[in-house]
Every structure is written in C-alpha cells, then in structure tokens.
Amino acid sequence: MSQIAAALPGKITGTFAQLDSPHLNGGQQLAVKYFAVALVLFIAQLLFGLLAGLQFIVPGFLFGWLDFSVNRMVHINAMVVWMLYGFIGSVYWFLEEESGAEIAGLKLGNLAFYVLTGAVTLVVLVYLLVQTGPGNDTTRWLINEGREYIEAPRWADIGIVAVMLVFFYNVAGTFSKGRWSGISGVLTLDLVALAGLYLAGMFYTTNISVDQYWWWWVIHLWVEATWEVLVGCIMAWSLMHLIGARRKIVQTWLYIEVALMFGSGILGLGHHYFWIGTPEYWLTIGGFFSALEPIPLVAMVVHSVYDAGVHKFRSTNHPALAWIIAHTFGNFLGAGVWGFMHTLPQINLYTHGTQWSASHGHLAFFGAYATIIVAFFYLAVQKWRGDVWMGGDLPGNGWRWKWAMILLNLGVMGMTVALLIAGYEQSFIERAVEGSTWGGYFAAQNHPWFQQAMHWRMLFGLMTLAGAGLLAWDLLTIGVGETRKALVIEAH
Amino acid sequence: MNPSPLWASEPFWKKVAIWVTGGSFVLLILLTFDSMSKVSAGSQRVPAYSVINQEVDYRFDKAANRYKPVIGGEEPLFGKKLTETEAEALVALGKKTTQAKNCMNCHTLLGNGAYYAPDLTKAWLDPGWIDEANREAQMLAFLKDPPNHARTFGSGRRMPNLGITDEEAKGVVAFLKWMSTIDTNGFPHNFKTLNAQEQP
C-alpha cells in the first residue's frame with residue numbers, strides 16, 4: 001500500500017511530463033500543463049451543469065446521492081478553477097517572450113502546479129463524497145465554506161493564496177530579470193489586486209449583510225474588474241502575436257480599457273449592494289457606474305475587429321484569432337448587454353435572484369473568459385507541435401475547429417436565451433404578480449413557460465457538450481502530420 | 001514622425017488609467033467605511049440579534065413607497081427570551097449551519113445563491129407556514145426531516161435530508177427570523193406575509 005502511495009506522485013508527474021515538448025520554452029512547458037487540466041475541468045463543468053439542469057426537469061434524479069446543491073457547486077467551482085488555470089497558463093505562455101528572459105522559477109512553478117492540482121482534486125472528492133458537515137467551524141475549514149463560488153474550504157483557500165504567490169513571484173521575477181512593458185506592468189499590478197481580493201473572502205461573520213458585502217468584493221472585483229483587465233492584457237499580447245498589431249497601439253488601447261474598466265467596474269460593485277441591507281445610496285452609485293460597465297467592452301470589440309481588419313485578417317493561427325474575435329463579441333454581449341439589461345435597480349428589484357442572473361452568467365463567463373482561453377489552447381497546440389501551419393487550408397478545411405466553435409457558441413447562446421425566457425417569466429409571475437412568496441416561487445417554476453425553457457436549456461446544453469467534445473478531439477489532432485511552418489508575421 | 005495627438009498618446013492614457021483606478025478605489029474605501037457602520041448588527045438597517053425576541057412583519061411603507069420590516073412587541077422564539085449574547089450564539093449556530101449544509105447552492109439568501117429553491121430572505125414570514133401558532137414547530141420538523149415534511153408546491157422538488165440536528169434547526173430558524181428583519185431596500189417587492197390576511 002505504502003509503495004503505491006510513494007509511486008503515485010511520480011506516476012502523476014510522469015503523465016504530465018509527457019506534455020513537455022522541445023519546441024516550448026520553460027514558461028510554455030508550464031502553461032501546457034495548466035491548459036491540459038483546464039480542458040479536463042471545462043468538460044467536468046459541462047457534465048455537472050447538465051446534471052443540475054436535468055434536475056429541473058426530473059427533480060427526483062439522483063436525489064439523496066448527488067443533489068442539485070452538489071452538482072451546482074461542482075459546476076460553478078469547476079468553472080472558476082478552469083478559468084484560473086487558463087489565465088495562469090496564458091500568462092506563463094507569453095511570459096518569456098514578453099520579458100525576453102527565462103522564467104524565474106520553473107521548478108517552483110512546477111511544484112505549485114502539482115500542489116494546486118492535488119488540492120483541487122481533493123476538494124472535489126470531498127464535495128462529492130462528504131458533501132456537508134455539522135454546523136460548526138470544522139466543516140468550514142475542512143469540507144465546505146457554503147458561500148457561492150468560493151465554497152472551497154479554508155485550508156484550500158490558504159493553499160490557493162500560496163500558489164498565487166508562487167505565480168506572482170514568477171511573473172514579477174521574470175519581468176524584473178528581463179524587460180518591463182506596458183502590458184507586463186498592467187498585468188503585474190492587476191495580479192496583486194486579484195490575489196489581494198481573494199483575502200476579502202477568507203473570514204467568517206454571523207452578520208450576513210457584512211458577509212455578502214465582502215463576498216462581493218471577491219466575486220465582483222474579480223469577474224467584473226481584475227479578470228477583465230487580465231484578459232485585456234492577454235488580448236493585447238495575442239493581437240501583436242497573431243496579426244502583428246503594433247505595440248504602441250495595443251498598449252494605448254490597454255490603458256484606455258483599464259481606465260474605463262476600473263472607472264466603471266470598481267464602483268459598479270454597487271449593483272450588488274442594492275438589496276443586502278446596505279444603505280440606499282448604493283442604488284444610485286451602483287446603478288450609474290454599472291450602467292457604464294459595457295463601454296470598455298464596446299471599445300474592445302472596436303479594438304480587435306479594427307486591428308484584425310487593418311491586417312486583413314492575416315494571422316498566424318486562424319482558430320486562435322477566431323476565438324479572440326468571439327471573445328470580444330461574447331464579452332460585449334454576455335457581460336455588457338446581458339449585464340446592463342438587469343443592472344438598474346428599477347428592474348433589478350424584480351430580476352435579482354431569478355434565472356435572469358443564470359442567463360447573464362452563462363453568456364458572460366463563456367463570452368468573456370472561456371473563449372480567450374480556448375484561443376490560447378490553439379496557440380499552445382500550434383507551438384507544441386513545432387510551430388506548424390495553422391492558417392487557412394487545413395486538412396478537411398479545418399471542419400473540426402469550425403464546427404466546435406459553432407456548436408459551442410450556439411449551445412451557450414441557446415442556453416442563455418432559454419434561461420432569459422425563464423427569467424422573464426419568473427420576474428413577472430413570481431415577483432411582480434405573486435409577490436415572491438414560496439407559493440409564488442413555485443407558481444412560476446411550475447408554469448409551462450418555465451418548464452419549456454428548462455427543456456430548451458437542456459437541448460442547448462447537450463449541443464455545448466458536443467462542441468466541447470469536438471474541441472477536445474480537434475486539440476488532440478490538429479497539426480498532426482503538418483509539415484508546413486507557421487506563417488511569419490512582422491509587426492507593421 | 002509627428003508626436004501623437006493627446007487622445008492617441010500612450011503616456012496620457014497611462015496617467016488617466018492610474019488616476020481613475022486610484023480615485024475609484026479611494027472612493028470605494030470611503031463608502032465601505034460608511035456602509036460597515038450602517039450594517040453592523042444593532043444598527044437601524046441590521047437589527048441586533050436579540051430582535052428574535054420580538055414580533056416581526058414586513059409591510060408596505062407609504063412614505064418610503066416600498067416594503068419595510070416592522071418590529072413589534074415581544075414574541076420570544078421557542079417561548080424563551082434570550083439575552084443579546086445568547087441570541088447571537090443561536091443565530092451564529094444557524095448561520096454556520098446554513099453554510100455547512102450548502103443552502104446557498106439551491107436557495108438564495110438576500111437574493112444571492114442558486115435558483116432551485118425559494119428565496120430565504122423573508123422565509124420566516126412566508127404564508128406557507130399558515131399561521132404564527134404552528135410556524136416554529138413546522139419549520140423545525142421540516143428542517144430536521146425535509147423529505148417527510150416536503151413542501152414541494154406541486155413541483156416534485158424536495159429538500160434532501162441534510163442531517164440537521166434539533167439544536168442546529170433551532171439555530172437556522174433564529175437566523176431566518178433575524179435575517180427577515182434586515183432592511184433590504186424593499187426586496188422582495190410585493191411580498192405578502194402570513195399576517196397579511198389579518199392585516200390587509
């Protein structure tokens with residue numbers, strides 16, 4: 001038994017070591033490992049989402065074994081974690097190129113990767129097998145913190161912070177060794193904020209208004225501020241790399257986006273403070289600043305489409321560029337338009353806590369974050385196989401990446417619209433007419449309009465899964481046997 | 001090469017980004033200090049935990065043009081008046097239980113959470129408990145053994161048995177009663193409490 005235990009880490013590290021490729025630099029070796037786990041967690045996110053979605057239609061399904069609360073928790077946690085893996089991977093991907101230096105701590109980075117992956121596995125196993133505990137502090141430290149999105153028990157929180165510090169050391173250390181740029185400067189400061197904000201979620205209080213106040217500091221200031229700036233940095237680098245956009249142009253855009261994003265997003269936090277017990281002035285502040293939040297997202301669409309157009313869509317990697325463009329539109333539609341539609345308190349009084357939020361959540365997380373990470377999966381595969389051709393004229397006309405993209409985007413869009421219809425129905429029937437009682441809640445849930453929406457969501461969920469399956473297949477096969485070298489693009 | 005005009009100048013936007021971010025953050029910190037003082041337990045918006053000794057209702061306030069919690073005379077929970085310390089301990093047990101049992105991944109609390117089960121913000125006042133005389137007993141029985149006291153309203157969705165003990169169930173009821181007294185700026189709107197039939 002002890003022999004097996006001793007052999008296990010070696011076996012696991014051996015599995016990931018197979019991902020090493022002589023075509024990659026140190027940071028990229030690390031990035032590929034993060035991407036591999038991200039893809040697995042992405043598929044897990046979809047599977048648990050489908051289970052939870054099915055329970056809206058067949059409520060007795062897996063009752064007492066894997067209840068909705070467990071499936072939904074794994075669904076959203078897998079999402080947060082695979083996106084963090086994707087971001088960490090993306091930054092490691094361009095770290096050495098952008099800094100012009102070798103990564104500061106490759107061994108430490110590898111160690112952090114295994115520690116994080118081991119911790120994530122353990123947390124998920126406890127979620128699935130232990131699920132809940134008695135109402136005391138031990139449960140919160142070891143099993144489940146019971147706070148949406150950051151359910152991970154406290155021991156894992158501390159682990160996550162430690163791993164983020166290693167990541168930060170690698171980023172700041174590598175840029176300090178090499179050269180700094182506008183992109184790396186913004187990126188490094190953003191990572192300080194991102195890691196620091198996580199601490200705001202690491203305490204217990206009985207006062208639920210205070211609890212939710214700080215909880216939103218983590219959730220909102222991650223998703224609607226620091227994550228957005230992080231993908232802004234990632235996109236800036238990708239546009240230079242993919243289509244040869246000029247550094248001066250992308251960096252100027254990046255600063256404009258930072259000003260708009262933080263200028264609207266930091267006080268836009270107020271739109272979560274309408275109904276949690278906080279003072280009435282948040283209705284005005286939150287309404288006003290969150291209404292401005294779509295502006296930087298429009299700017300990003302203009303930025304990417306304009307730059308890609310100037311370069312006549314000539315790129316080193318077609319799938320990656322297509323996913324970058326999907327990112328800007330998805331970010332604008334999902335985070336911008338869908339967010340704006342229910343952000344003003346006058347409508348949010350009725351939509352808060354309905355499927356409206358789920359609709360917005362699906363399109364925003366996919367559009368803003370999943371897309372750009374998928375773009376990096378393609379960049380990684382291209383280089384991993386020896387910097388091979390990934391432009392037009394791929395075998396089979398590149399049908400796999402194209403269909404994966406179509407199915408994923410249509411699937412998520414379809415789920416979003418189905419959930420939006422459910423949200424409309426809930427806002428009117430449960431909230432406005434029935435007055436939000438339990439009877440009103442179920443009157444809306446049992447309504448045929450709601451039930452139909454849940455069936456459509458299921459259908460489009462399956463389409464999304466098919467797209468993800470095709471994506472995984474494509475990532476494993478694209479570029480195999482390719483002899484042409486990648487297109488070389490000079491900045492101009 | 002001509003120097004860039006101001007609107008296209010990288011250093012200019014860098015300065016703007018720094019000042020806007022810094023300014024917004026400083027404002028947020030100031031507002032946070034103010035908000036924290038206004039939502040501390042025992043403030044006007046968030047009552048002290050001993051409020052569970054009193055009668056609670058939620059009614060439309062004509063002057064404010066929205067629903068507001070109304071705190072009435074004595075109505076000790078489970079027939080026992082608690083000191084502030086005892087009340088806080090009981091509510092804390094309830095709050096920790098709601099976290100330990102992962103309530104938030106089916107229910108919403110103050111409108112935040114998942115959407116598979118009803119919002120708990122005003123659960124204490126829900127007309128589903130029929131009347132005040134039976135409410136406490138019904139809530140305890142439901143929490144301790146939900147499948148056999150199912151309140152599915154024809155949806156087929158049942159709450160699983162989460163192994164909630166008697167003491168934890170009392171804590172959860174105390175927590176729910178205390179939460180229903182928080183002034184949530186009129187959320188949820190149009191909520192008719194179980195007293196509404198008597199006091200239309």
Side-chain angles (χ1 to χ4, degrees), chain A residues 56 59-60 63-64 67-69 72-73 132-137 139-140 144-148 151 182 206-210 212-213 248 251-252 255-256 258-259 262-263 266-267 269 274-280 283 349-350 352-355 358 431-432 435-439 441-442 445-446, chain B residues 8 10 13-14 16-17 20-21 24-25 27-28 35-36 38-39 41 45-46 88 91-93 95-102 104-106 108-116 118-119 126-128 153-158 160 162 168 171 179 182-192:
Chain A
F56 271 97
F63 181 76
D67 291 306
F68 181 87
S69 52
R72 203 266 189 174
M73 171 171 62
T132 59
N136 57 28
D137 298 325
T139 300
R140 236 176 23 264
N144 183 335
E145 211 171 307
R147 296 163 84 208
E148 193 190 7
E151 288 92 344
T206 300
N207 185 336
I208 191 166
S209 295
V210 174
Q212 292 201 353
Y213 189 93
K248 186 176 173 307
Q251 288 193 168
T252 307
Y255 288 128
I256 295 175
V258 170
F262 281 149
I266 290 178
L267 289 171
L269 173 60
F274 295 161
W275 325 118
I276 64 166
T278 30
E280 276 169 332
L283 297 173
L349 177 60
Y350 301 96
H352 177 53
T354 68
Q355 297 289 345
R431 293 296 175 75
S436 313
T437 58
W438 287 25
Y441 171 82
F442 282 110
Q445 300 289 308
N446 296 340
Chain B
E10 191 180 332
W13 285 109
K14 186 175 178 177
V16 172
V20 167
T21 305
S24 303
F25 193 64
L27 268 173
L28 177 63
S35 291
M36 281 300 114
K38 289 189 170 126
V39 296
R45 303 188 62 89
V46 181
E88 179 167 1
V91 173
L93 172 64
K95 170 77 167 13
K96 286 178 184 176
T97 304
T98 60
Q99 289 187 224
K101 303 300 178 187
N102 201 7
M104 204 180 186
N105 267 306
C106 281
T108 44
L109 294 91
L110 304 178
N112 291 312
Y115 321 113
Y116 193 68
D119 183 49
D126 200 88
F153 294 83
S155 68
R157 281 185 223 164
R158 289 176 299 160
L162 297 167
E168 286 172 343
M179 184 163 65
I182 297 174
D183 184 348
T184 48
N185 288 338
F187 172 87
H189 182 68
N190 200 22
F191 185 96
K192 305 288 192 298

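Values in this document were obtained by computation on a predicted structure and should not be read as measured data.
- Interface remark: of the candidates B/Glu168, B/His189, B/Met179, B/His189 forms the most heavy-atom pairs closer than 4.5 Å to chain A.
- Rounding to the nearest 0.5 Å places OG1 of B/Thr108 at 7.5 Å from OH of A/Tyr441.
- With a 4.5 Å cut-off on non-hydrogen atoms, A/Ser436 touches chain B through its backbone and its side chain both.
- For chain B, the nearby part of A/Arg140 is the side chain; its heavy atoms alone come within less than 4.5 Å.
- Across all their heavy atoms, A/Thr278 and B/Asn185 have their closest contact at O-ND2, 3.4 Å.
- With chain A as partner, the option from B/Ile182, B/Val39, B/Asp126 having the largest number of non-hydrogen pairs under 4.5 angstrom is B/Asp126.
- For B/Asp119, the part sitting under 4.5 Å from any heavy atom of chain A is the backbone (N, CA, C, O) and nothing else.
- Looking at A/Glu280, the atoms closer than 4.5 Å to chain B (heavy atoms on both sides) sit in the backbone and in the side chain alike.
- Side chain of A/Asn144 to main chain of B/Ala100: no donor-acceptor pair is present (N/O by atom type, distance under 3.5 Å, no hydrogens or angles).
- Between B/Phe187 and A/Phe274, a ring centre-to-centre spacing not shorter than 6.0 Å is recorded.
- Here the side chains of B/Asn105 and A/Glu151 are in contact, with some heavy-atom distance below 4.5 Å.
- Contact annotation for A/Asp67: only side-chain heavy atoms (C-beta onward) come within less than 4.5 Å of a heavy atom of chain B.
- Side chains of A/Gln445 and B/Arg157 form a contact here, defined as non-hydrogen atoms less than 4.5 Å apart.
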